[in-house]
J.: 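Please find one structure pasted underneath; my questions will follow.
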Amino acid sequence: MAGAAPASAAGPCGSSYSRVGVYAISRGDGTRTGTLEVYYSSSTRKNCALTYGYGAYANTMSWKRVTISRADGSQEDTDADYYQYYAGPVYVSAPGACIDVAGTVPDWVTRELNNVHCG
């Protein structure tokens, strides 16, 4: 399977999005395997998320997954497959609410954040 293309100069979520969070995805022993990035657009009022590989999983075909939803579990959007660069982007509209996001690289290492980026 072909992987997603590298992020463009406009940003991986679109030109109106700004990065609002960067989170390491690490094994229990602390070895970093990926990065979960969260973006927000004040013009669309949507959040966006992507999961990148890191270290041995960067720029190589490996299992990558990203999920975003409203904190109440509604409007979930997920992208998962064997990608070279990143999984996503995925989007959720949550004005005035918090979101949940999760990133996985490779298939057994996950970082979950609940009730974050509220507003």
J.: Which atoms form the tightest heavy-atom contact between Cys13 and Tyr91, and what is the distance?
T.: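 Result for this residue pair: O-OH, 2.8 Å.
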J.: Find out whether Arg65 and Thr51 are in side-chain contact, i.e. whether some heavy atom of one side chain is under 4.5 Å from a heavy atom of the other.
T.: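 Counting from C-beta outward, Arg65 and Thr51 never come under 4.5 Å.
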J.: Can you confirm whether Val20 sits close enough to Tyr39 that some side-chain heavy atom of one is under 4.5 Å from a side-chain heavy atom of the other?
T.: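 Sidechains of Tyr39 and Val20: no contact.
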J.: How far apart are the C-alpha atoms of Gln75 and Ser69, what are their side-chain angles, what is the distance that settles it, and do they pass the side chain to side chain contact (heavy atoms under 4.5 Å, CB included) test?
T.: CA-CA 5 Å; Gln75 299 183 31; Ser69 68; 5.8 Å; no
J.: Once you round to the nearest 0.5 Å, how far does CG of Asp79 lie from CD1 of Ile68?
T.: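 Reported value, rounded in 0.5 Å steps: 12.5 Å.
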J.: Are Val38 and Tyr23 side-chain neighbours, meaning at least one heavy-atom pair lies under 4.5 Å?
T.: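 Yes, at least one pair of side-chain atoms sits under 4.5 Å.
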J.: Taking salt bridge (charged side-chain N to carboxylate O under 4.0 Å, His left out) as the cut-off, I'd like each qualifying pair that reaches into residues 18-37, sequence neighbours left out, listed once.
T.: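 Pairs touching residues 18-37 that pass the test: Arg19-Glu37.
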J.: Is any side-chain heavy atom of Tyr40 less than 4.5 Å from a side-chain heavy atom of Cys48?
T.: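 No; the side chains remain at least 4.5 Å from each other.
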J.: For Thr33 and Val105, indicate whether the former's side chain and the latter's backbone hold a donor-acceptor pair under 3.5 Å.
T.: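 At least one qualifying donor-acceptor pair exists.
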J.: Is a side-chain N or O of Asp100 found less than 3.5 angstrom from the main chain of Asn115, in a donor-acceptor match?
T.: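 A pair under 3.5 Å: yes.
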J.: Under 6.0 Å between ring centres: does that hold for Tyr83 and Tyr52?
T.: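 For Tyr83 and Tyr52, the ring centres are not under 6.0 Å apart.
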J.: Under a 4.5 Å cut-off applied to non-hydrogen side-chain atoms, are Tyr57 and Pro106 in contact?
T.: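 Heavy-atom side-chain distance check passes, below 4.5 Å.
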J.: Just by distance, do the side chain of Arg111 and the backbone of Leu36 share a donor-acceptor pair under 3.5 Å?
T.: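 Side chain of Arg111 to backbone of Leu36, a donor-acceptor pair under 3.5 Å: no, none is there.
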J.: Working to the nearest 0.5 Å, report the span between OG of Ser41 and OH of Tyr17.
T.: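 Ser41 OG to Tyr17 OH: 5.0 Å, rounded to 0.5 Å.
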J.: What residues, two or more places apart in sequence or in another chain, satisfy side chain to side chain contact (heavy atoms under 4.5 Å, CB included) together with Ala56?
T.: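 Partners of Ala56 under the side chain to side chain contact (heavy atoms under 4.5 Å, CB included) test: none.
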J.: Closest heavy-atom contact between Ala87 and Val66?
T.: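 Where Ala87 meets Val66 most closely, the heavy atoms are O-CG1, 3.4 Å.
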J.: Rounded to the nearest 0.5 Å, what separation is found between the SG atom of Cys98 and the CG atom of Leu113?
T.: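 Between Cys98 SG and Leu113 CG, I get 12.0 Å after rounding to 0.5 Å.
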J.: What I'd like to find out is whether the side chain of Thr35 reaches to under 4.5 Å of the side chain of Tyr54, using heavy atoms alone.
T.: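 SC-SC contact between Thr35 and Tyr54 confirmed.
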J.: Taking the side chain as C-beta and beyond, is there a heavy-atom pair between Cys118 and Val116 under 4.5 Å?
T.: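 Counting from C-beta outward, Cys118 and Val116 never come under 4.5 Å.
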J.: Tell me, please, which residues at least two apart from Thr67 pass side chain to side chain donor-acceptor pair (under 3.5 Å).
T.: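 If we apply the side chain to side chain donor-acceptor pair (under 3.5 Å) test to Thr67, skipping adjacent residues, the hits are Thr78.
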J.: Can you give me the closest heavy-atom contact between Glu112 and Thr110, atom names plus distance?
T.: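 The pair with the smallest heavy-atom distance is CG-CG2, 3.8 Å.
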J.: Under the 3.5 angstrom rule, does the side chain of Asp77 hit a backbone N or O of Val90 as a donor-acceptor pair?
T.: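 Side chain of Asp77 to backbone of Val90, a donor-acceptor pair under 3.5 Å: no, none is there.
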J.: Kindly indicate whether the side chain of Ser16, heavy atoms from C-beta on, has any atom under 4.5 Å from the side chain of Thr44.
T.: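 Yes - at least one pair of side-chain heavy atoms lies under 4.5 Å apart.
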